[in-house]
Amino acid sequence: MHESAMKYGKDFFETYCANDFSGKIIVDVGSQDVNGSLREFCPKDASYIGVDFVEGRGVDVLITDPYHLPFESETVDVVVCSSVFEHSEFFWLLFLECVRII
């Protein structure tokens, strides 16, 4: 993960997730820990679920279809995605899928 992505991810969590996050679900799309992970900034009481195509540190759920996230609609409180959309051929479909689960 790029240093700037870590900084902005940390800023995001400090700004938008600073209140009580007990029982909240945070999904990280493209979560494989490569030189760092946004997981380290996750509020303590939240459930953080890392989703990616490959097994690795930081990955909790493996997916095969980037345009279908394995969560029911409106069941996730926060979706984070760092350095992912530029690798998605149809990034708008991935975006809509993130919106669906929120």
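Between Phe90 and Trp92, the ring planes are perpendicular. Angles over 60° get that label, and only those under 30° would be called parallel.
Taking the ring-ring contact (aromatic ring centres under 6.0 Å, His included) definition, one finds that Phe95 meets it with nothing, sequence neighbours left out.
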Point to revise | Pair Phe41-Met6, side chain to side chain contact (heavy atoms under 4.5 Å, CB included): steps then yes or no | key: CA-CA 9 Å; Phe41 307 119; Met6 289 291 283; 3.7 Å; yes

**Study point:** Worked check of side chain to side chain contact (heavy atoms under 4.5 Å, CB included) between Arg100 and Glu74
**Key:** CA-CA 6 Å; Arg100 178 189 66 78; Glu74 301 178 14; over 6 Å; no

Point to revise | Stepwise side chain to side chain contact (heavy atoms under 4.5 Å, CB included) test for Asp45 and Phe21 | key: CA-CA 6 Å; Asp45 296 330; Phe21 250 65; 5.5 Å; no

Exercise for review: List the steps and the verdict of side chain to side chain contact (heavy atoms under 4.5 Å, CB included) for Val54 and Gln32.
Suggested key: CA-CA 8 Å; Val54 294; Gln32 186 180 19; 3.2 Å; yes

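Residues Leu94 and Leu62 do not share a hydrophobic cluster, defined by chaining ILVMFWY side chains whose heavy atoms lie under 4.5 Å apart. Transitive grouping of hydrophobic side chains (ILVMFWY, heavy atoms separated by less than 4.5 Å) brings Ile63 and Val79 into a common cluster. Both Leu69 and Phe91 are assigned to one and the same hydrophobic cluster, defined by single-linkage of ILVMFWY side chains at heavy-atom distances under 4.5 Å. One hydrophobic cluster, built from ILVMFWY side chains closer than 4.5 Å, holds both Val99 and Phe71. Residues Phe53 and Phe85 share a hydrophobic cluster, clusters being chains of Ile/Leu/Val/Met/Phe/Trp/Tyr side chains in contact below 4.5 Å.
In this structure, the separation between SG on Cys42 and CD on Glu40 is 11.0 Å, given to the nearest 0.5 Å. Atoms NE2 and OH, on His2 and Tyr8 in that order, are 13.0 Å from each other to the nearest 0.5 Å. Between atom OG of residue Ser73 and atom CD of residue Glu97 there is a gap of 7.5 Å, rounded to the nearest 0.5 Å. Between Asp28 atom CG and Ser82 atom OG the span is 7.5 Å, to the nearest 0.5 Å.
Between Pro66 and Leu93, the closest side-chain pair of non-hydrogen atoms is not below 4.5 Å.
Distance alone, capped at 3.5 Å, is enough to place a donor-acceptor pair between the Asp52 side chain and the Ser31 backbone. Checked by atom type and distance alone, the side chain of Thr15 never pairs as donor or acceptor with a backbone atom of Phe12 at under 3.5 Å.
Salt bridge Glu14/Lys10: present, at least one basic N to carboxylate O contact under 4.0 Å. With respect to Arg39 and Asp60, a salt bridge is recorded, a charged nitrogen being found less than 4.0 Å from a carboxylate O.
The side chain to side chain contact (heavy atoms under 4.5 Å, CB included) test with Tyr48 singles out one residue from Val27, Val78, Ile25, Leu38, and that residue is Leu38.
Within 6.0 Å of CG on Asp65 lie more than 12 heavy atoms contributed by other residues, nucleotides or ligands.
Nearest heavy-atom pair across Val84 and Gly30 is CG2-CA, 3.8 Å. A pairwise comparison of heavy atoms in Gly23 and Asp77 identifies O-OD2, 4.3 Å as the closest pair.
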